[in-house]
Amino acid sequence: MDYKFETRCIHRENEHEEGHPYGSVCTPIYQTATFYHPGIGQTTGFNYTRESNPTRTELEDIVTSLEEAKDTVACANGMAAIVLCMELFESGDHIVCSEDLYGGSVRMFQTTGEKRGLTFTYVNTADAAATEAAIKSNTKALYIETPSNPTMQITDLAKMKSLADKYNLLLIVDNTFLSPYFQKPIRFGADLVIHSGTKFLGGHNDTLAGFLSTSREDLAAKIRYLYKTVGSCLAPFDSYLLIRGIKTLPIRMERQQENALAIAKWLQTQKKIKQVYYIGLEDHPGYEINKKQTTGFGSMISIRTDSEATARRVLERIRLITYAESLGGVESLMTYPMLQTHGDVPVETRERLGITEDFLRFSVGIENVDDLIADLDQALNGED
Ligand SMILES: *Cc1c(COP(=O)(O)O)cnc(C)c1O
């Protein structure tokens, strides 16, 4: 793996020698459900698309390379990857998770996860002592998001790894918010890395995808078996869109981050904004730890306004920025976590975390930053 990250987003080693049919520069979409057998007991390497497909395999190889993993499976969406990951556990197993996880993960853990006999404890994993205190004799994994969603708490990955080693736990990191361009959890000892590929990896708000990568051969074999068994797979066309999206991941991330930093600083000067949660601001509580374990801060900003009225006013008045769920794409999107992404998180948890009526989440895209600030300015400060 000699090529650097940016090059690996676009090229495979030996891609000309092992080229595509007809010298196609881009990966063909193998829109086929099944593959013929050249003879009895023989295979072209592909049998049936639920198990594997050449377009998807190429995508999986790219993500494996970017995450510095041993293997990756591409799933229909992020939740499908998380459900697949949970299939690694047995009834009776306990998992300690970050307390402000993606709301869909919490919903899944509390419904189908618990129905399967798994139990979960939610703690502030930014606090290693609290995390250690939550570990029980049947705990099998730590499940982390850093930064967390949407309050942007930073968890120290090296500390989580030492807890995982001490108690013989799997370390699972949902790396959606920073992408492998800025954060490579496997370098810190993560066993499993999850992505909603719908977000930065896809990058264009035009398709859903998910990934489950592992640094371990033994887990890779189990995951491959579970993957074909439960049917998590990403379709060939969507795999193609992801390959296409990832080619520009580094330049998108850089521009999104640059825009986000400028916007976060501007927001801090606004009278109607009470608090700006952006991990690229030096006064953010996790700034130093994040800096130690990543090469950037990404482009997710959470905003506490001065009132519910201001939050609603902003959502109703933004014109360039779109009021929509999701994040990570080239289009700037703003959401209302209380009603949308975190609507299923129990009220007590939401209030404790501060996911209240005055709280907005902003995914900064690659538009011209002056246009974005002008839109925010008219939404916040314009005349009624
Ligand atoms: C969106 C998201 C998911 C779920 O991914 P989908 O592709 O929407 O299924 C999981 N984790 C995080 C951090 C997310 O932002």
Side-chain angles (χ1 to χ4, degrees), residues 59 63 67 72-86 95 97-113 120 122 125 142-155 157 172-183 185 190 192-213 230-235 238-239 241-242 245-246 253 256 277 279 294 297-302 324-329 331-337 340-345 353 355 360-365:
L59 168 64
V63 176
E67 282 291 359
T72 299
V73 290
C75 303
N77 50 59
M79 287 315 305
I82 296 168
V83 168
L84 180 65
C85 179
M86 290 300 131
I95 297 172
C97 347
S98 304
E99 63 182 350
D100 57 341
L101 290 181
Y102 174 68
S105 306
V106 176
R107 179 174 57 223
M108 189 244 126
F109 293 169
Q110 292 184 340
T111 54
T112 57
F120 300 85
Y122 304 87
T125 51
L142 299 175
Y143 186 103
I144 309 298
E145 277 180 35
T146 180
S148 67
N149 176 7
T151 62
M152 310 291 165
Q153 306 215 51
I154 298 297
T155 294
L157 291 173
I172 308 171
V173 180
D174 180 333
N175 199 27
T176 300
F177 267 38
L178 288 178
S179 92
Y181 180 65
F182 285 135
Q183 177 164 268
L192 295 152
V193 177
I194 289 169
H195 277 282
S196 169
T198 313
K199 315 294 170 55
F200 289 98
L201 291 172
H204 295 74
N205 292 318
D206 58 2
T207 190
L208 303 182
F211 297 97
L212 177 59
S213 300
V230 303
S232 325
C233 66
L234 186 65
D238 295 0
S239 300
L241 284 176
L242 262 287
I246 288 171
M253 299 281 329
Q256 284 174 269
Y277 301 73
I279 61 173
T294 69
F297 333 107
S299 60
M300 296 302 299
I301 303 176
S302 291
E325 274 172 76
S326 202
L327 61 108
E331 294 91 359
S332 292
L333 303 180
M334 197 175 272
T335 54
Y336 205 19
Q340 296 174 309
T341 51
H342 291 68
D344 286 331
V345 172
L353 296 172
I355 308 172
L360 299 170
R361 194 186 74 188
F362 185 15
S363 169
V364 181

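Note that ligands are numbered from 1 as they come in the structure, with each ligand's atoms numbered from 1 the same way. Worth knowing before you read on, the calculation uses all heavy atoms, side chains too, and leaves out hydrogens, waters and symmetry mates.
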Can you pull out the closest protein heavy atom to [atom]? Residue, atom name and distance to 0.1 Å, please.
atom                    : answer
atom 6 (P) of ligand 1  : G78 N, 3.3 Å
atom 4 (C) of ligand 1  : Y102 CE2, 3.4 Å
atom 14 (C) of ligand 1 : K199 NZ, 3.0 Å
atom 7 (O) of ligand 1  : T198 OG1, 2.6 Å

Checklist entry - Could a heavy atom of L101 be found less than 4.0 Å from some atom of ligand 1? => result no
Item to check | D174 near ligand 1 by a heavy-atom separation under 4.0 Å | outcome: yes
Using modelled atom types and a 3.5 Å cut-off, is there a donor and acceptor pairing between side-chain atoms of [X] and backbone atoms of [Y]?
X    : Y    : value
H342 : N149 : yes
Q183 : T146 : yes
H204 : L242 : no
S302 : T151 : no
S98  : E145 : yes

Checklist entry - Which class fits the ring pair F109 and F120: parallel under 30°, tilted 30 to 60°, perpendicular over 60°? => result parallel
So, regarding [X] and ligand 1 (criterion: nitrogen or oxygen to nitrogen or oxygen, under 3.5 Å), is there a contact or not?
X    : answer
N149 : no
M79  : yes
L327 : no

Checklist entry - Side chain, backbone, both or neither: which part of I194 comes within less than 4.0 Å of ligand 1 when only heavy atoms are counted? => result neither
For [X], the ligand 1 atoms whose distance to one of its heavy atoms is below 4.0 Å:
X    : value
A209 : 7 (O)
N77  : 7 (O), 9 (O)
S196 : 1 (C), 2 (C), 3 (C), 4 (C), 5 (O), 6 (P), 7 (O)

Checklist entry - Quick one: CD1 on I246 to OH on Y181, what's the gap to the nearest 0.5 Å? => result 14.5 Å
Next on the checklist: Once rounded to the nearest 0.5 Å, what's the spacing between atom CG of N175 and atom CD1 of I144?
Outcome noted: 12.0 Å
Checklist entry - Is the shortest heavy-atom distance from the side chain of S179 to the side chain of M253 under 4.5 Å? => result yes
